[in-house]
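Counting starts at 1 for both ligands and their atoms, following the listed order.
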Amino acid sequence: MSKLTVTVPDIGGAENVEIIEINVAVGDSVNADQDLLVLETDKATMEIPCPQAGKILSLLVKVGDKVSEGSAILELESADSALSADADQNRAGAAPAAKEPAPSADIKAAEPEPVAGEERLIDLVVPDLGGASEVTVIELCAQPGDSLNADDSLIVLESDKASMDIPSPQAGTLKELLINVGDKVKEGQVYGRLLTQARVDSAAPAQQALAQQTAVQAASDKALEQASEPTVTAVSAAAVSETTNRMEKPDIHNVYAGPSSRRLARQLGVDLTRVNGTGDRGRITKDDIRDYVKTLVKQAENGVATVTSGSGIPAVPAVDFAQFGEIELQPMSKIKKVTAANMSRNWLNVPHVTQFDEADITDLDAFRASMKAEAEKQGVKLTPLPFLIKAAASALRLEPSFNVSLHHDGEHMVQKHYVHIGIACDTPNGLMVPVLRDADKKGIYQIAREASELIEKARNGKLKPNEMQGGCFTISSLGAMGGTGFTPIVNAPEVAIMGVSKAQIKPQWNGKEFVPRNMLPLAVSYDHRAINGADCGRFFTTLVALLSDVRRLVL
Ligand code: CAO
């Protein structure tokens with residue numbers, strides 16, 4: 001075993017090149033030629049391979065640091081005792097020096113001296129590739145007819161180990177491209193033509209030369225990656241295959257993207273591991289990043305929960321419904337958008353279980369009918385709802401395991417000593433959930449009165465924010481509309497919700513005979529992180545018993 005310091009190899013003369021990824025950590029065992037880190041110049045990314053197998057003892061750089069040839073990167077305990085530290089360093093730095101750029105090879109401008117404003121058609125030529133015989137075209141960044149600024153990316157080339165943007169040498173209009181994605185190109189090959197205008201200040205030649213230099217620098221940057229040529233292919237292939245399997249290993253260094261895409265992602269703050277690459281072999285293109293950002297913006301504008309970010313679930317693809325028949329686009333109300341976002345959030349975050357039961361409300365309904373006239377005199381409409389609210393509040397008191405929320409620290413439960421009941425309310429603008437406070441302490445008339453006021457406010461858009469907050473448990477009643485049952489979605493951070501369907505007279509066995517009873521179908525959905533099935537069994541039995549024997553409600 002020997003300890004050696006791994007340094008940046010010959011990077012074709014580039015200075016102060018930024019480290020954009022470090023792919024290893026202290027303690028990692030690495031193989032010879034395994035990628036250690038990724039450097040990025042303006043126009044190219046390059047992976048720096050490990051000179052030999054060993055164990056990382058210390059990292060001497062971090063992401064964002066600028067390095068040049070010879071900069072110490074890390075200390076390695078070499079597994080190969082035969083090699084001395086010096087020898088290892090030499091190997092690390094043994095990349096062939098990048099070839100000096102040959103500017104004249106890059107752009108073959110028309111021969112005559114330019115006249116200011118005169119249009120000229122120039123050939124776009126593959127620059128010096130630093131010794132690589134052939135490279136693959138992996139992206140076309142512009143299309144014929146596009147107006148380009150000098151330095152706008154035209155094409156992206158890729159060798160085994162590096163990708164490089166080839167920029168436009170001048171501003172102009174792209175007249176034609178003579179290559180396609182997947183083509184192999186060689187240095188000096190004409191790959192397109194650009195219509196330019198000679199500039200009045202005759203700076204064009206200088207600018208051309210500058211653009212060429214940039215392009216050639218990219219190519220010569222690439223040359224340094226050829227340092228470990230024989231093993232590079234295998235490493236690169238592995239990286240690509242890992243990238244296509246990104247769901248399992250979403251590390252930034254496994255992402256398959258070129259320098260311009262990486263730069264764009266950094267500018268936009270996009271995590272490339274979340275972007276779906278549509279390029280060759282799953283390569284992430286700039287358009288993929290733009291599409292990703294567009295989708296996120298659209299989702300945010302529509303109030304749709306970013307289900308792709310939190311859960312890793314792919315978004316439902318956009319469909320052009322007009323192809324199937326006549327359609328019209330109707331704007332969603334603010335409340336509908338918020339509801340959509342909340343429903344997605346709750347559905348995806350809360351592991352739901354729904355339990356069903358029926359309450360015999362024959363006696364409750366008879367009592368309600370007998371009290372209706374008196375209630376009306378008091379200005380109260382007595383539907384089943386106030387009884388349901390009262391029963392739920394009493395059940396929460398009797399079974400406090402239901403009156404909880406999960407604490408956001410993931411370490412605690414919040415046990416509530418108040419009982420506020422949410423009422424899911426269908427309004428012209430969408431679903432709203434006003435909250436009736438301290439329902440356990442109030443009588444049926446008071447609950448009925450307050451519930452009607454809250455429902456009316458909800459329907460008139462008059463609810464104040466504090467009248468929609470602080471609920472412990474929600475009742476969602478579709479009883480007036482019909483249906484035999486449904487599974488409501490928990491209104492987090494509450495941990496349970498009750499869905500009420502339409503009561504119906506059904507035959508019930510009383511031990512001797514079937515008798516007609518008014519049965520109310522109920523469903524309780526609960527957050528299984530906070531509540532166990534047995535808790536729900538107890539809560540539900542209590543609730544059903546309270547509804548079945550209305551006298552218990554006053555106890
Ligand atoms: N079974 C049979 N009849 C019922 C019933 C039930 N479960 N619930 C209510 N009814 C009856 C009422 O008694 C009333 O009849 P009467 O006038 O003869 O007494 C009639 O249906 C209409 O009731 P209502 O709708 O005026 O009042 P409510 O108190 O039952 O409901 C409210 C109020 C706000 C809960 C309800 O109007 C509503 O908006 N529900 C929608 C909830 C919702 O959209 N939930 C989301 C579903 S997904 O979670």
Is it true that [X] lies under 4.0 Å from ligand 1, counting heavy atoms only?
X	value
Ala451	no
Gln504	no
Arg459	yes

With a 4.5 Å heavy-atom cut-off, do [X] and [Y] have their side chains touching?
X	Y	answer
Phe402	Val495	no
Met498	Thr474	no
Leu154	Asp165	no
Val156	Cys141	yes
Phe539	Ser401	no
Asn429	Lys336	no
Pro434	Lys457	no
Ile138	Ile155	no

Between the candidates [options], which shows the shortest non-hydrogen contact distance to [atom]?
atom	options	result
atom 44 (O) of ligand 1	Asn491, Leu431, Ile489	Leu431
atom 30 (O) of ligand 1	Thr474, Ile475, Thr383	Thr383
atom 48 (S) of ligand 1	Gly482, Ser501, Ser476	Ser476

Hey, is [X] close enough to [Y] for a salt bridge, meaning N to O under 4.0 Å?
X	Y	result
Lys381	Glu376	no
Lys506	Glu358	yes
Arg517	Asp363	yes

Write out the residue and atom name of the closest protein heavy atom to [atom], then the distance separating them to 0.1 Å.
atom	value
atom 18 (O) of ligand 1	Lys372 NZ, 3.8 Å
atom 35 (C) of ligand 1	Ala424 O, 3.8 Å
atom 43 (C) of ligand 1	Leu478 CD2, 3.7 Å
atom 2 (C) of ligand 1	Ala503 N, 3.6 Å
atom 41 (C) of ligand 1	Ser477 O, 3.4 Å
atom 13 (O) of ligand 1	Pro384 CD, 3.2 Å
atom 21 (O) of ligand 1	Ala480 CB, 3.2 Å
atom 3 (N) of ligand 1	Gly479 O, 3.9 Å

Open item on the list: If we count only N and O atoms by modelled type, under 3.5 Å, do the side chains of Thr354 and Thr487 hold a donor and an acceptor together?
Closed with: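 No - no donor-acceptor pair under 3.5 Å links their side chains.
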
Using a 4.0 Å cutoff against the non-hydrogen atoms of [X], which atoms of ligand 1 qualify?
X	result
Leu520	7 (N)
Arg368	13 (O), 19 (O)
Asp426	38 (C), 39 (O), 41 (C), 44 (O)
Cys425	34 (C), 39 (O)
Lys381	17 (O), 26 (O)

Task: Distance flag for atom 37 (O) of ligand 1, protein heavy atom under 4.0 Å - done: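 Yes, at least one protein heavy atom sits under 4.0 Å from atom 37 (O) of ligand 1.
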
